[in-house]
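Working notes, beginning with the structure itself.
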Amino acid sequence: LRMLGPEGSRDLAAGYLSLLRFMAPGASRVVDKMPQNFIHIGFAALLFPNMRIVHCMRNPADNFLSAFQNNMKSGHSYSYAPDDYAGYYKQYLRLMRHWRDVLPGRIFDLRYEELTADPETKVKSLLDFLDLPWDERCLRFYERGGSVKTLSRHQVRAPIHSGSVEKWRNYAEELKPLTEALRAEAAALGYDLDQPRS
């Protein structure tokens, strides 16, 4: 920010908003869901003081498995090996604790497992955080047309389901380096990486 100065900061924010208008013309709200956005939360919060942050959380072992199976592109090398991911995940948690401390009330934690177990309740809570009204169509997002240009293209064409919850347990032996490295961190978040599949 010191290097950019006030005018440069305004130009940077305007450039980003221009990109959003190009990618989503006419949209009154836009979601930027890039996996590494958590790194830039502080900078983004300074540029966009009214921005809301939705922090999507998931069991770290399921999260790794999803990233690994989706063959993430360059810049996501943490997703290629369980031990690399464990180190990256610990740093991600450390940084998110910092953002919560310096941006109180600006971050909404949305747990994947809670969303899949009770979509209506969780979506209503999210909309309340965003100061948006409830709309039944939020649960029928998969009926909406339009193109999807992300790895989520298959998920957004189906209703919310819990089929991927605890999926990592099918690969528990292969994921031992990850589960052993993240046992304490996962437990602090309420995730059990020891309990056998029921």
Side-chain angles (χ1 to χ4, degrees), residues 12-67 70 89 92-167 185-186 188-191:
L12 185 61
Y16 181 73
L17 293 175
S18 177
L19 175 64
L20 293 182
R21 280 191 291 274
F22 172 76
M23 295 180 74
S28 58
R29 289 171 184 81
V30 177
V31 175
D32 182 338
K33 63 181 214 89
M34 296 301 290
Q36 293 172 322
N37 278 347
F38 74 94
I39 295 169
H40 309 289
I41 286 175
F43 187 58
L46 290 172
L47 292 179
F48 304 103
N50 295 321
M51 170 186 81
R52 302 291 174 92
I53 301 151
V54 180
H55 175 220
C56 298
M57 301 172 66
R58 188 177 185 185
N59 179 309
D62 277 334
N63 202 59
F64 167 75
L65 185 62
S66 176
N70 278 297
Y89 192 84
Y92 143 75
L93 289 178
R94 182 184 62 81
L95 191 52
M96 286 308 301
R97 282 191 299 270
H98 170 71
W99 295 139
R100 280 191 199 89
D101 288 344
V102 298
L103 298 169
R106 301 268 309 269
I107 300 174
F108 180 87
D109 290 324
L110 179 64
R111 288 181 180 260
Y112 178 79
E113 296 81 6
E114 292 174 359
L115 177 65
T116 61
D118 188 359
E120 185 171 331
T121 299
K122 292 313 292 185
V123 170
K124 284 180 175 178
S125 296
L126 173 61
L127 292 174
D128 186 51
F129 171 75
L130 298 172
D131 291 326
L132 294 172
W134 166 248
D135 188 320
E136 292 283 343
R137 292 175 295 177
C138 291
L139 299 179
R140 297 193 317 270
F141 57 88
Y142 53 90
E143 296 174 352
R144 188 184 153 120
S147 64
V148 179
K149 300 173 184 174
T150 71
L151 290 173
S152 303
R153 62 188 169 274
H154 300 296
Q155 288 93 335
V156 299
R157 298 296 183 233
I160 295 173
H161 62 86
S162 60
S164 295
V165 174
E166 299 285 308
K167 189 176 178 181
E185 288 79 9
L189 295 171
Y191 295 113

Problem set entry | Residue pair V54, V31: steps toward the side-chain contact (heavy atoms from CB on, under 4.5 Å) verdict | CA-CA 9 Å; V54 180; V31 175; over 6 Å; no
Exercise. Are the side chain of D62 and the backbone N or O of K167 linked by a donor-acceptor pair below 3.5 Å?
Worked result: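 Here the side-chain-to-backbone pair exists.
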Exercise. Do the side chain of R106 and the main chain of M51 share a donor and acceptor less than 3.5 angstrom apart?
Worked result: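 Judged by distance alone, yes, a pair lies under 3.5 Å.
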Atom pair [atom1]/[atom2] of [X] and [Y] - distance to nearest 0.5 Å:
X	Y	atom1	atom2	answer
L20	D32	CG	CG	7.0 Å
M96	L103	CE	CG	9.0 Å
L12	L46	CG	CG	11.5 Å
R29	L130	CZ	CG	8.0 Å

Between [X] and [Y], which heavy-atom pair has the shortest distance, and what is it?
X	Y	answer
H161	T116	O-CG2, 3.1 Å
A27	V30	CB-CG2, 4.1 Å
P133	L127	O-CD1, 3.6 Å
R58	S66	NH1-CB, 3.5 Å

For this session: Output all residues satisfying side-chain contact (heavy atoms from CB on, under 4.5 Å) with Q36, sequence neighbours left out; order by chain, then residue number.
Result: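 Result, side-chain contact (heavy atoms from CB on, under 4.5 Å) vs Q36: I39, H76, Y78, Y88.
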Exercise. Is there a side-chain contact between Y191 and N63, using heavy atoms and a 4.5 Å cut-off?
Worked result: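 Heavy-atom side-chain distance check fails, nothing below 4.5 Å.
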Exercise. Less than 4.5 Å apart, any side-chain heavy atom of L126 and any of L115?
Worked result: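 No, too far: nothing below the 4.5 Å cut-off.
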Problem set entry | Summary of ring pair (Phe, Tyr, Trp, His ring centres under 6.0 Å) pairs that have at least one residue in residues 94-114, sequence neighbours excluded |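 Non-adjacent pairs meeting ring pair (Phe, Tyr, Trp, His ring centres under 6.0 Å): F108-F129.
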Problem set entry | Listed partners of R97 passing side chain to side chain donor-acceptor pair (under 3.5 Å), at least two apart |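 Side chain to side chain donor-acceptor pair (under 3.5 Å) list for R97, sorted by chain: empty.
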For this session: Using the test side chain to side chain donor-acceptor pair (under 3.5 Å), find all partners of D109 that sit at least two apart in sequence or belong to another chain.
Result: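 Partners of D109 under the side chain to side chain donor-acceptor pair (under 3.5 Å) test: H55, R100.
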For this session: Could you tell me whether Y16 and F48 have their ring centroids closer than 6.0 angstrom?
Result: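 Yes, the ring centres sit under 6.0 Å apart.
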For this session: Kindly assign one of parallel, tilted or perpendicular to the pair F38 and Y92, based on the angle between their ring planes and the thresholds 30° and 60°.
Result: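 Geometry flag for Y92 against F38: perpendicular rings.
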Problem set entry | Test salt bridge (Lys or Arg N to Asp or Glu O under 4.0 Å) applied to D101 - qualifying residues, sequence neighbours left out |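 Scan of D101 (salt bridge (Lys or Arg N to Asp or Glu O under 4.0 Å), adjacent residues dropped) gives none.
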Problem set entry | Where at least one partner belongs to residues 114-127, residue pairs that pass salt bridge (Lys or Arg N to Asp or Glu O under 4.0 Å), sequence neighbours excluded |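 Pairs touching residues 114-127 that pass the test: E114-K122, E120-K124.
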